[in-house]
Structures are given as C-alpha cells and as structure tokens.
Amino acid sequence: MTTVHHVADRPSEPGARADGRLTAVPGGVGQRIERPEDTVGAATSLLDAYEPARARFFASPTRTLLAHGTRTEVPHGGTPLARRVTETLDAELLAGNPAPIVVGAVPFDQSAPASLAVPQAVRWAPPLSEDPLIALPAAAPAAADWDIRPIPEPDVYGAAVAEAVRRMRRGDFSKVVLARTLELRSSRELDLPALLQRLARRDPAGYTFALPTGPGRTLLGASPELLVARRGGALIANPLAGSTPRSADLAEDVRRAAALLESEKDLHEHAVVVDAVRAALAPFCRTLDVPERPTLVRTAAMWHLSTTVTGELADTAVSVLELACALHPTPAVCGTPTTTARDVITELEPFDRGNFTGMVGWGDASGDGEWVVTIRCAEARTEERTLRLYAGAGVVAQSTPEAETAETGAKFRTFLDAVGADHQESGR
C-alpha cells in the first residue's frame, strides 16, 4: 500500500552528501569555495540586494545567485541555442573572464529570442532554505486596488477544455496543456523587490527567480519544477505532472495527498511525462535511473506527483542547456504528441505564452548549471503597473472543464497571495 510519508520538499542535487547538503557551491566569478555553513544571512542578503532591471536573481534548493550588470547578451540566430550560448561563453573566456556564466530566460517557443546574458558580477550563497533569516515574515504588500481581468474568461477556458477532451476521445491526440491568464492592474507602482521577498519566503525550498526580459519587463516566479541540472558527469531531472490543491485543514490535506498518489488519471498523466523525459535523456547517458513510482512534492499551494531521474552522461561535453533543450517542451507543459499539442495550444489559447512554460536558470562554461520550468510565474510591466499571471493544467480524456478551471485557479494563488489580491479573486 502506498502511504503519504513518501514526501519530499525537493530532491537533492547530484554530488550531494548523504544528508542532502552539498560540500561546495560556485563562488565569486569562476571560483568554487567551501560552503559557508555557519553564515547566517548570506542567502537572504542577496534577496535583500535585488534591484529590478539592474539585477538577476535565481534561488534553488542548492544555491542562491544574484547577478549584476551585463557584459554581453547571447545573440538571437538560426543556430541552436545551446551552441550560441557555448560560443558566447567561450568568447568571454578568451576575453579574460575567468569563469563566465549565462543567466536568464528561454521562451516556450525555442525559436523566439531568449533573454540570456553574461553578467558583469555574480554573487553566490547557500540555499535560502538553509538561512535561518528566511523564516522571518515578509512585509505585507502595500495596500492597492487591483483591477483583475481574466484572459480568457473562466467559461471560455472551460469550453476550450471541453473541446480538447472531445478531440482526444475521438483519438486525435492523448494530452494537451491548456493555460489561462489573469491581468492585474495596480492603483500603485509595482514593488517588485517586495513581491520577490514574499514569493521566496513563502516557499524557500523552491526555485525563485526575477529576471529582466525586456525594457520595463521583469519575469518573476516561484517554480516547483526542475527541468534538468548538471554537475560534471552527473545529471538530475525532476518532472512533475499530476497535481491537486492543498487544504488548510491538515486531515483534508493528507487525504488529498493520498488520493493523488492513487489517482489513475494523474498517475497516467505523470507516467507519460516520465517516459518522455527518459526517452529524451537516454541518448546522452551511460546510465539512467528512473524510479518505478512517483512520490509527492508539496508547495505552499499544491501537491504534485514527482519522479527524480538521475543519470551519468556518456559525454561530459554535453552542456546542461543542451540537455534542457532536448527535454523542452515536456508533455507536462505541452502535451502529446508534441506537434499536435502545440497546434491545439495555438488554436485554443487566446494569447502568446511568451516565457510561460519556457525555462529559466543559469549555466557556466564547463557545462554545469540548473534550468527550471517557468511555471507559477508572472510578467511585470512596470510602466503599465500590470502583472500578467499564468497557470496551466494538463488536459486528458478524463478531464472536466470544472476540475481544470479549479486547478488553474489554485495555481494562481501563489501570486495572488504575494500581492495581497487573493481576497479579490477567490472564484476565478
């Protein structure tokens, strides 16, 4: 019998000690230093130092990164993205940068321009979850009236889910991920540092990010899903698929977690994603370990089915971004078959996803790094005082419009809580 005690907040990274803690992290530009285990405030100081437009922030279960300035940007072009990144980093090495990194965002459509840059300076710290100061509550959001506009309206989204289900039952395809958005317009200027603080402190064991993606635009989020990380010859991927909202009532929350572990619909959806991850990574690996059954990952708002895939690369010249591009998009954010699902998304979603369900992260000149699926995110447009929130749900033949609309509504809670707008948007 499967029990709920098979639960983890996040998997450990390859090369971790038995207790899940790493012995070293990237240091200043190009250095690896012994981890300052006893330094209180090292990670939260980077969180406190974040400045919109001037900095790039990324925090994971293994480290915290704050990058300042821009030495160069990865150019857009017709060659594969991973190759352009490698060429950019190699040029930086030749120019005297001892250990450059790229950090930024890649959109859902890999053929669209990415927002990737080599920063002028990088500061590193241990994970936020290991900094005792992260337990201090974030300041309450400044009082603001939010004008909230759903795109599409919930009933229109439900109709799109019903249409996708109809086609799947006809045999056209097996899964599609359909998303919807909320556009929040504020009566006050957006306080992005305060918003990042609330996201990070709400779920410090997750993947929190704030990255410029264009003039006056910032991508912020708190994703639960690692796409792939690489350290030397070791890799780890953590596909999530199948989820249910958490409950404030402990007994009900446990019941929901147990039900998710036994849900035929969610287990099938998860298996499809894991099989796709296995198929994408296998050509690169000497060994690949894929557990037979998923466990649970919890965030502040959701329970997710999770499988931690680990492997050893056959060729260490393969960079983490090359692996990420081979994986993206997984069925967890697109569907199956991929080409058909993309076409259905284009037809049924009345907006451009942009960076939503793309990937965010960092990579260095040796090929190591971390790339995360861009979910639980929003695009901030400071001059317009708007936040565009995104949430999606995996639609299969057993789906119902009501259930998928409710799931996306629960996923919006991450940002609605962060900006203090949850009381305004309880039913959408």
Side-chain angles (χ1 to χ4, degrees), residues 8-16 20-27 32 35 43 46 56-67 74 81-82 85-86 89 99-106 114-119 122-130 200 203-211 219 221-240 277 280-281 284 297 306 308-311 313 316 318-328 330 333 355 357-377:
D9 285 318
R10 296 296 180 286
S12 59
E13 189 184 11
R21 302 171 74 186
L22 302 176
T23 58
V25 295
R32 291 201 177 261
R35 183 182 196 133
L46 299 190
R56 296 170 173 87
F57 181 88
F58 179 85
S60 78
T62 65
R63 70 203 71 212
T64 306
L65 178 164
L66 183 68
V74 176
L81 177 61
V85 167
T86 296
L89 291 172
I101 69 166
V102 292
V103 59
V106 178
S115 302
L116 297 173
V118 177
V122 182
R123 296 167 61 189
W124 302 89
L128 286 171
S129 59
E130 294 184 8
D203 192 9
Y207 300 89
T208 308
F209 51 88
L211 307 160
L219 180 68
S223 176
E225 185 170 1
L226 173 68
L227 184 62
V228 66
R230 196 203 90 155
R231 172 172 290 183
L235 67 85
I236 184 171
N238 183 218
L240 305 184
V277 169
L281 292 179
F284 299 99
V297 160
S306 166
T308 302
V309 177
T310 56
L313 289 172
T316 56
V318 176
S319 72
V320 66
L321 186 56
E322 188 173 348
L323 296 171
C325 290
L327 285 166
H328 178 74
T330 71
V333 297
N355 288 297
T357 62
M359 42 191 177
V360 296
W362 66 277
D364 65 21
S366 71
D368 289 349
E370 300 170 292
W371 291 95
V372 176
V373 182
T374 314
I375 52 178
R376 309 297 190 277
C377 66

If you look at every heavy atom in [X] and [Y], which pair is closest and at what distance?
X	Y	result
P61	P127	O-CG, 3.2 Å
L321	A82	CD2-CA, 4.1 Å
S306	L240	CB-CD2, 3.4 Å
F57	A59	CE2-CB, 3.7 Å

Run the side chain to side chain contact (heavy atoms under 4.5 Å, CB included) test on R56 and W362 for me, step by step, so that the C-alpha distance in whole Å, both residues' side-chain angles and the decisive distance to 0.1 Å come before the verdict. CA-CA 10 Å; R56 296 170 173 87; W362 66 277; over 6 Å; no

Not counting sequence neighbours, which residues clear side-chain hydrogen bond (donor to acceptor under 3.5 Å, both in side chains) with S60? List them please.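 For S60, the residues satisfying side-chain hydrogen bond (donor to acceptor under 3.5 Å, both in side chains) (neighbours in sequence not counted) are T62, E370.
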
For the side chain of N238 and the backbone of E225, is there at least one donor-acceptor N/O pair under 3.5 Å apart?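 Between the backbone of E225 and the side chain of N238 there is no qualifying donor-acceptor contact (under 3.5 Å).
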
Between R230 and G367, is there a donor-acceptor pair closer than 3.5 Å when you use the side chain of the first and the backbone of the second?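 Checked: pair present.
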
Side chains of [X] and [Y] in contact at under 4.5 Å (non-hydrogen atoms):
X	Y	value
C377	F209	yes
D203	T208	no
L81	L116	yes
H328	W371	no
T357	I375	yes
L323	L313	yes

To the closest 0.5 Å, what do you measure between [atom1] ([X]) and [atom2] ([Y])?
X	Y	atom1	atom2	answer
F58	L211	CZ	CG	8.5 Å
S366	I101	OG	CD1	11.0 Å
S115	L219	OG	CG	8.5 Å
L66	W124	CG	CH2	11.0 Å
L227	L327	CG	CG	5.0 Å
L235	T316	CG	OG1	12.0 Å

Residues two or more places apart in sequence or in another chain: which of them pass side chain to side chain contact (heavy atoms under 4.5 Å, CB included) with A43?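 Per chain and number, A43 pairs via side chain to side chain contact (heavy atoms under 4.5 Å, CB included) with T64, A125, L128, D131.
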
Go through the structure and list residues passing side chain to side chain contact (heavy atoms under 4.5 Å, CB included) with A365, not counting sequence neighbours.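 Once residues adjacent in sequence are excluded, the partners of A365 under the side chain to side chain contact (heavy atoms under 4.5 Å, CB included) criterion are L89, L93, P100.
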
